[in-house]
Amino acid sequence: MRGEVLIEVSASAVNRADLLQRKGFYDPPPGASPYPGLECSGVVVEAGPDVLGFEPGDHVCALLAGGGYAERVAVPWQQVLPVPKGLSDVESGALPEVACTVWSNVFMTARLRKGETLLVHGGASGIGTMAIQLAKAFGSRVIATVGSPEKVAGCMELGADEVVNYRTEDFAETARADVILDIIGGPYLERNLTALNPGGRLVVIGLQGGTQGRLDLGQLLAKRASVHGTTLRARPVDEKGVIVRGVKDNVWPLIEAGAVRPVVQARVPMAEAAEAHRLLEDGRHIGKILLVR
Ligand SMILES: NC(=O)c1ccc[n+]([C@@H]2O[C@H](COP(=O)([O-])OP(=O)(O)OC[C@H]3O[C@@H](n4cnc5c(N)ncnc54)[C@H](OP(=O)(O)O)[C@@H]3O)[C@@H](O)[C@H]2O)c1
């Protein structure tokens with residue numbers, strides 16, 4: 001309990017990683033809860049020794065290494081955020097994983113700048129809906145890829161400037177970007193490099209299509225481009241703390257001003273988590289699926 005806060009959980013959310021963990025393909029990092037749930041929101045019921053900035057009664061949300069599908073969860077204080085003003089506890093349960101993933105990858109690692117173009121694959125995913133909104137709020141142009149006309153409309157409504165339906169068009173023929181946030185991996189590697197502008201940065205955070213791809217190093221050098229790969233869950237607490245502070249300082253004000261919002265497709269009772277997994281696997285959602293107590 002030293003350095004940790006104990007949260008009475010109001011909501012958690014389903015992430016793609018939870019599906020992989022359930023199937024035995026994504027073990028929790030050492031020391032993490034064996035139960036799924038990479039984020040939660042709720043009320044602090046206890047603050048252990050050495051906790052800074054939180055006390056019982058605080059309304060919070062938190063980035064977890066696991067264990068969010070629960071009544072209570074203990075988490076290092078560095079991974080905890082106040083519920084943004086204007087949002088309910090439950091709504092804020094949809095934020096920590098997507099806000100931290102997008103902030104750390106698009107802004108800290110790839111350093112997307114105002115006026116540059118972001119290409120985000122899976123624009124209607126939980127991650128994609130946050131990436132579109134944040135990049136627009138910071139003054140970038142956004143191109144998204146999706147797999148259905150409904151998702152094209154959903155991404156346009158969130159502010160995307162251009163949306164490519166990958167089932168009918170090849171994004172590499174038209175899209176050009178300074179930063180690409182990729183969740184597909186191997187099968188998109190070659191085309192992602194084609195789509196990168198000179199000086200571009202590709203960040204791979206998901207491998208939904210597989211781990212193996214072809215990388216033309218000649219093209220990489222000629223474009224002075226870079227390829228990054230990251231995961232959030234296994235990072236040490238201190239690194240997560242830096243990301244969470246960046247989110248609090250840079251993303252929370254945009255949420256509190258109404259420029260960025262959690263996109264929630266459905267709220268499912270936590271006792272019916274299996275149904276929430278089915279909804280995510282079905283893949284028709286736009287944004288997040290919340291688990292509420
Ligand atoms: N590395 C990290 O730290 C980290 C952290 C969080 C999430 N992630 C990864 O980020 C991804 C999104 O996570 P999530 O929880 O937001 O998942 P999600 O909501 O289930 O989204 C998955 C998305 O993938 C899209 N998709 C499938 N095939 C595609 C293709 N060929 N091209 C473009 N999009 C395609 C689906 O949309 P369509 O219907 O449009 O195909 C769906 O919107 C996952 O791969 C997850 O593992 C990584």
Side-chain angles (χ1 to χ4, degrees), residues 12-23 25-26 29 36-39 63-66 68 93-106 108-110 119-133 143-156 158 160 163-172 175 180-189 191-192 195 202-211 213 228-235 239-240 243 247 262-266 276-291:
S12 185
V14 185
N15 286 280
R16 200 97 204 149
D18 303 349
L19 309 183
L20 295 176
Q21 179 172 336
R22 195 194 74 222
K23 292 174 182 164
F25 298 131
Y26 192 46
L38 297 176
E39 57 197 330
L63 181 69
L64 307 173
L95 288 173
E97 178 72 15
V98 294
C100 290
T101 300
V102 173
W103 178 253
S104 60
N105 288 291
V106 174
M108 291 172 68
T109 298
L119 167 60
V120 54
H121 292 302
S125 65
I127 296 291
T129 53
M130 177 55 67
I132 292 170
Q133 294 185 83
I143 307 171
T145 62
V146 297
S148 72
E150 295 74 23
K151 291 185 176 184
V152 172
C155 291
M156 297 299 281
L158 287 170
V163 186
V164 177
N165 183 338
Y166 66 80
R167 295 187 200 276
T168 54
E169 289 172 72
D170 179 358
F171 70 88
I180 301 178
L181 185 64
D182 179 49
I183 60 172
I184 301 303
Y188 273 11
L189 183 57
R191 281 182 282 160
N192 277 334
L202 164 63
V203 192
V204 182
I205 62 163
L207 301 167
Q208 288 177 207
T211 59
H228 305 258
T230 73
T231 60
L232 180 57
R233 188 183 196 182
R235 292 194 195 208
E239 274 186 40
K240 287 181 180 166
I243 294 167
V247 165
V263 179
V264 176
Q265 172 78 48
H277 276 219
R278 273 191 285 276
L279 285 175
L280 202 83
E281 269 163 343
D282 187 38
R284 272 179 290 181
H285 61 286
I286 295 178
K288 300 281 294 185
I289 294 170
L290 276 176
L291 291 170

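Keep in mind that the numbers below use all heavy atoms, side chains included, and drop hydrogens, waters and symmetry copies. Here, residue 1 is the first one in the sequence, and each next residue gets the next number. Whatever order the structure lists ligands and atoms in, that order sets their numbers, starting from 1. Small disclaimer: the values here were computed from a predicted structure and weren't measured.
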Return the residue, atom name and 0.1 Å-rounded distance of the protein heavy atom closest to [atom].
atom                    : value
atom 29 (C) of ligand 1 : Ile184 CD1, 3.3 Å
atom 10 (O) of ligand 1 : Ile183 CG2, 3.5 Å
atom 9 (C) of ligand 1  : Ile205 O, 3.7 Å
atom 37 (O) of ligand 1 : Lys151 NZ, 3.3 Å
atom 32 (N) of ligand 1 : Tyr188 OH, 2.8 Å
atom 20 (O) of ligand 1 : Arg16 NH1, 2.8 Å
atom 41 (O) of ligand 1 : Tyr166 OH, 2.3 Å
atom 22 (C) of ligand 1 : Gln208 OE1, 3.5 Å

So if I count the atoms of ligand 1 from 1 in the order they appear, which ones are less than 4.0 Å from some heavy atom of [X]?
X      : result
Thr145 : 33 (C)
Leu232 : 2 (C), 3 (O)
Val146 : 40 (O)
Asn15  : 15 (O)

**OP:** Evaluate the side-chain proximity of Leu63 to Ile243: yes if any heavy-atom separation is below 4.5 Å, no if none is.
**Re:**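 They are not in contact (no side-chain heavy atoms under 4.5 Å apart), so the answer is no.
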Original post:
Asp282 pairs by side-chain hydrogen bond (donor to acceptor under 3.5 Å, both in side chains) with which of His285, Arg278, Arg284?
Top reply: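 Exactly one pass, corresponding to Arg284.
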Subject >> ligand 1 contact by Ala17, heavy-atom criterion under 4.0 angstrom >> reply: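 Under 4.0 Å: no for Ala17.
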**OP:** Return yes when Arg284 approaches ligand 1 closer than 4.0 angstrom through a heavy atom, no otherwise.
**Re:** no
Subject >> Nitrogen or oxygen of His285 less than 3.5 angstrom from that of ligand 1 >> reply: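 His285 vs ligand 1: N/O contact under 3.5 Å present.
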